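This report concerns only the one structure given below.
Everything numeric here is computed off the predicted structure, so don't read it as measured data.
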Amino acid sequence: NGDGQFNHIGQFSFSQDGAIWAVDKLGHRVHHFKQSGELIKTIGSGIPGDGPGELSGPTGIAVSRLSSSIFISEGGNHRISQLQSDGAFLRILPTPGLGCPGCISLSPDEKTLAVVGRLAHCIKLVQVDGTTTPKTIGVHGSRDGQFNLPCDVCFTPDGQQLVVADLGNHRVQVLSLDGSFVRKIELGDDARAVAVDAAGNIIATTTQCVKVFSPDGRLLHEQLGGGFELGEFAVAGLAIDPGSGRIAAACMGAGLIRLL
């Protein structure tokens, strides 16, 4: 629970300059690091709160590259807040019917947030300007386009499709923004986290390894990371540094982020 430490590391994201923002779900905080590991700042007191700028069970984070702000989803408060990068509170997004949000992803044009509804077995599309009611994609099930405990989501580089880690169905699914099924990638193990690089390649973690697939689902790398042992429930998130293109994975058990 000390400065720069994690009680329960969750989703993390890179800013344009390569710095890392990461949520500490049980610590009710968000940490901001340089890639060297040096702590820049911590947002949150470590005590759950529901006031403006306070945090309760943060689950997801997305960094705006067009403005100096971050979006934080909170499972404890069932909301998404927007803060300036210095931690100053900006607003709570209007999200009627959001439910309990999990990991989030900001579209390339920064107009839409994709939000995981893990226990609701769906993805919510939230307009950042709050002009429309969140749209629900998916229902509980194992058929194409259905989910069983989805735990991560990201946009493709063109912003036209969603890539979802469908944990309980042991697969990654690709869907259009209208919810129509595009393709699936069977992993044979729990799908823990996903990321998509600038070329559209899909990176996915299971309980055993990090795999890389082409945009059309062909396996490119069976195990990434040079012996990085993930272990059960270890992966809390994946992210890609927009500057270098390096992939990073968060290890829940060790409470750290590792560049692969």
Check this for me: Lys111, atom NZ, are more than 12 non-hydrogen atoms of other residues, nucleotides or ligands nearer than 6.0 Å?
no
Going by heavy atoms in the side chains, are Lys184 and Val172 under 4.5 Å from each other?
no
Is a side-chain donor-acceptor pair under 3.5 Å present for Asp241 with Gln35?
yes
Could you see if Val139 belongs to whatever hydrophobic cluster contains Ile137? Use Ile, Leu, Val, Met, Phe, Trp, Tyr and a side-chain cutoff under 4.5 Å.
no
Give the cluster check for Ile240 versus Val210: same hydrophobic cluster or not, with ILVMFWY residues linked at side-chain heavy-atom distances below 4.5 Å.
yes
Interatomic distance, CG@Asp24 vs CG@Asn7, rounded to 0.5 Å, equals 5.5 Å
Out of the candidates Val182, Asp166, Val163, Ile185, only one should pair with Gln173 under the side chain to side chain contact (heavy atoms under 4.5 Å, CB included) rule; please name it.
Asp166
Heavy atoms of Gly159 and Pro108 approach each other most closely as CA-CD, 3.7 Å
Verify same cluster id: Val115, Leu162 (apolar side-chain graph, 4.5 Å)
no
Straight-line distance of Arg79 CZ to Thr95 OG1, nearest 0.5 Å
10.0 Å
Looking only at side-chain N and O atoms, does Thr132 offer a donor or acceptor that is under 3.5 Å from a partner on Gln127?
no
Should we count CZ of Arg91 as having more than 12 external heavy atoms under 6.0 Å?
yes
Aromatic centroids of Phe33 and His31 separated by under 6.0 Å
yes
Can you confirm whether Thr205 sits close enough to Leu238 that some side-chain heavy atom of one is under 4.5 Å from a side-chain heavy atom of the other?
yes
Quick one: are Leu106 and Ile104 in side-chain contact, heavy atoms under 4.5 Å?
no
Cluster question for you: counting only ILVMFWY and a side-chain heavy-atom cut-off of under 4.5 Å, with indirect links fine, are Leu177 and Ile123 together?
yes
Tell me, do Leu167 and Arg192 make a side-chain contact under 4.5 Å, heavy atoms counted?
yes
Do Arg258 and Cys251 come close enough that some side-chain heavy atom pair is under 4.5 Å?
no
Contact check, side chains of Val30 and Leu55, non-hydrogen atoms, under 4.5 Å:
yes
Rounded to the nearest 0.5 Å, what separation is found between the OG atom of Ser45 and the CD atom of Glu54?
6.5 Å
So, do Arg65 and Pro242 sit near enough that their side-chain heavy atoms are less than 4.5 Å apart?
yes
Would you indicate whether Leu39, at its atom CG, is surrounded by more than 12 heavy atoms from other residues, nucleotides or ligands within a distance under 6.0 Å?
yes
State plainly whether one hydrophobic cluster holds both Leu119 and Phe147, where clusters connect Ile, Leu, Val, Met, Phe, Trp and Tyr through side-chain heavy atoms under 4.5 angstrom apart.
no
Residues Glu74 and Ser81: side-chain donor-acceptor under 3.5 angstrom:
yes
Is the number of heavy atoms from other residues, nucleotides or ligands within 6.0 Å of NZ (Lys124) greater than 12?
yes
The test is side-chain hydrogen bond (donor to acceptor under 3.5 Å, both in side chains); show your working for Gln82 and Ser69 and say whether it passes.
CA-CA 7 Å; Gln82 184 178 13; Ser69 66; 3.0 Å; yes
Are the side chains of Thr112 and Val128 in contact, using a 4.5 Å heavy-atom criterion?
no
